[in-house]
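Here the structure is laid out as structure tokens; the discussion comes afterwards.
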Amino acid sequence: MSAKTLYDKLWESHLVQTDEDGTALIYIDRHLVHEVTSPQAFEGLRLAEREPWRIDANLATPDHNVPTTERTGGVDAIEDPISRTQVETLDANCLEFGITEFEMLDTRQGIVHVVGPEQGATLPGMTVVCGDSHTSTHGAMGALAFGIGTSEVEHVLATQCLIQKKSKAMQVRVEGKAGPGVTAKDIVLAIIGEIGTAGGTGYAIEFAGSAIEDLSIEGRLTLCNMAIEAGARAGFVAVDDKTIDYVRGRPYAPDSDQWERAVASWRTLHSDEGAEFHLVVTLDAVAIKPEVTWGTSPEMVVGIDDSVPNPADEPDSVKAEGMGRALDYMGLKAGTPMSDITLDKVFIGSCTNSRIEDLRAAAQIANGRQVAANIKLALVVPGSGLVKAQAEQEGLDRIFTNAGFEWREPGCSMCLAMNADRLSPGERCASTSNRNFEGRQGQGGRTHLVSPAMAAAAAVSGHFVDVATLIK
Amino acid sequence: MQKFEIFTGIVCPLDRSNVDTDAIIPKQFLKSIKRSGFGPNLFDEWRYLDQGEPGMDNSKRSVNSDFVLNDIRYKGAQILLTRMNFGCGSSREHAPWALEDYGFRVILAPSYADIFFNNCFKNGLLPIVLEEKTIDNLFRLASDDQALEMTVDLHKQALVIGDERIMFEVDPFRKHCLLNGLDDIGLTLQKVDAIKAYEKCRKDEAPWLFHGE
């Protein structure tokens, strides 16, 4: 038998049928649902008088529209009537179809991509989908996970399958030991800077190499989360001891009588020796700095010790024009050192960076320091109610509030500003989220993507600074 | 889904690369629980000078006259010509819904983001991949004082401009679905037996995946 990639194994184990032209029907083990991309799918089911194929494969939670301020008033108290309708619609649909939902006031509620792994609802070897592009996150568990549109949400609800074509396989290897202050976020930003936002289009990316093996599972979740920012629908990491230790004991993990059998099957979830990829890209971890984006696409990124690049140095004219437009939008001049850029707001949160390790890393920098006078708002938004409770148990909330940060309720928040948390036109934000597109965090808002530690360092300094210089 | 039939339409040139789905339809319009009505807010932040919110009367808003969609030459355009990596970012199907609701039926670009590309076909929208130099040439033609008109023939996989024909590739399954207006779910449900057989094997091999049953 020929050597297989991890992607081959995940793909083949879910094939229901393949047509001659390569169009395949693949089975979906886990479908995660949130309020923004599901209402039209449930409506479609009702109109066609179809029932969900397998209720227990679905798990829902509202995240995009929920307020992060005090919310004991429940869904009724959501101020924006359209946001409220969307959350109410999810509640009603889950009730009607019998789908498990962690509602807004449930401690288990949170960002769907934080909740899935936290509950053990996304397991190694699964296919995981959700009407959200950041579903690639779950690939960190050794799963094939990717975002889908609403028509596909309806398709999965109705058939438990999706019509797909197999992608090409890419391996991104990051070798060596990352320096001080360099996190999974910096690694993935460096990867996107290297291959570009369309570099992974048409590919499924396996992340490998010693620097990836060194990452915790939470770090790998951050890494895979941003595979889509490199254009790849799916990104994943092979299963190792860390994966198995992470899953053990979680609510949706296999019961004890099936545990050993499950582990034995998960142990096979790696690329075989000699397996061939369509493309292999290698990065040196030692060369990666704490990264900061300067433009309006995640590929527009440099190390903290670098400066804003000059479009005049870019030989490709279409690219140079895009750079010029980005600099205009961002209100930046070529040649400005990144550490000279001052900020108005800081956001620590999102499906990329809102897990307990992210909050610990930020708290370590905030501890004993104060948010700088020029920062109008520094927000910390935990990824789930359980992350929030854990952080409070560790006293992280008090470290943040003592330093002048606001400590909020879980949700997507200012990553995409569908709720009340947003930037005003012209405001500049250090954000631990995943997209620095024009208007993403509020119309006219200017986003710089960074790691949680770098965001905290920017908050206490008022401008970007190499976090390594602040680590005690 | 409506059948995709041969038509002749105006080409609107949007000369930007990496146009993301946040730009195609900004997040505040995603709060709708319907599939229709997104067209008036397509490219909202580029098209209007003020900040758009759901429920606004768009006819009373100040329009950005520099944006192509507001150029009188391209009024009623059904074909959108654009640059590489169109539709990147968020998986929101509201992006193809907005394009379709506005009146676009075909997109021409050198490349697309995967999720967006896939979402288009589910909504009767045809995203066509053309070589970079063909796209460059079309941009030149489409930017003339006289708007460029083109006939799109999916059956023959051809774009026709006067005497010139540009052939394009399309996935045979997707072509079949578009030409016949077929719904994916209906097609998949013809394979119920295969799905059930797979599911039975899966349950034997990995019973822990059927946690709630």
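Residue numbers begin at 1 in each chain, while the letters A, B, ... track the order of the sequences.
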Hey, which of [options] has the most heavy atom pairs under 4.5 Å with chain A?
options	value
B:P207, B:P172, B:P54	B:P207
B:N119, B:I115, B:N18	B:I115
B:K27, B:K122, B:R174	B:K27
B:G52, B:P26, B:A197, B:S32	B:S32

Structural part of [X] lying under 4.5 Å from a heavy atom of chain A:
X	value
B:D50	backbone
B:E132	neither
B:S17	side chain
B:Y112	backbone
B:A194	both

Is it the side chain or the backbone of [X] that comes within 4.5 Å of chain B heavy atoms, both, or neither?
X	answer
A:W259	neither
A:P251	backbone
A:T89	side chain
A:K165	side chain
A:Q441	backbone
A:R84	neither
A:I82	both
A:R261	both
A:N434	neither
A:L15	backbone

For [X] and [Y], which heavy atoms make the closest approach, and how far apart are they?
X	Y	answer
B:S91	A:S133	OG-N, 3.2 Å
A:R440	B:D22	NH1-OD1, 3.0 Å
B:L209	A:D56	O-OD2, 4.5 Å
B:L189	A:R50	CD1-NE, 3.5 Å

Tell me, out of [options], who's got the most heavy-atom pairs with chain B below 4.5 Å.
options	result
A:L416, A:I163, A:D21	A:I163
A:V318, A:T37, A:D132, A:I228	A:D132
A:I148, A:D257, A:T100	A:I148
A:W266, A:F42, A:F146	A:W266
A:G322, A:G202, A:A253, A:S297	A:G202
A:G231, A:A198, A:A232	A:A198

Working for side chain to side chain contact (heavy atoms under 4.5 Å, CB included), residues A:Q164 and B:N118: CA-CA 9 Å; A:Q164 296 283 302; B:N118 214 28; 4.1 Å; yes
Side-chain heavy-atom pair [X], [Y] within 4.5 angstrom cut-off:
X	Y	value
A:S265	B:W208	yes
B:Q28	A:M418	no
A:R54	B:E199	yes
A:T197	B:C88	no

Under a 4.0 Å threshold between the charged nitrogen and the carboxylate oxygen, would [Y] count as salt-bridged to [X]?
X	Y	result
B:K31	A:D80	yes
A:D29	B:R202	yes
A:R435	B:D20	no

Working for side-chain hydrogen bond (donor to acceptor under 3.5 Å, both in side chains), residues B:W97 and A:Q40: CA-CA 12 Å; B:W97 292 339; A:Q40 297 87 350; over 6 Å; no
Chain A contact residues among residues 78-85 of chain B, heavy-atom distance under 4.5 Å: B:M84, B:N85
Parallel, tilted or perpendicular: rings of A:H14 and B:Y198 (30°, 60°): tilted
Euclidean distance, B:E45 CD relative to A:E438 CD, rounded to 0.5 Å: 7.5 Å
Positive for side chain to side chain contact (heavy atoms under 4.5 Å, CB included) with B:D184, one of A:E152, A:H155, A:E154: A:H155
Whether B:D114 side chain and A:R233 backbone form a donor-acceptor pair below 3.5 Å: no
Backbone N/O of B:L30 and side chain of A:Q86: donor-acceptor pair under 3.5 Å: yes
Donor + acceptor pair across side chains of A:S151, B:E93 (<3.5 Å): yes
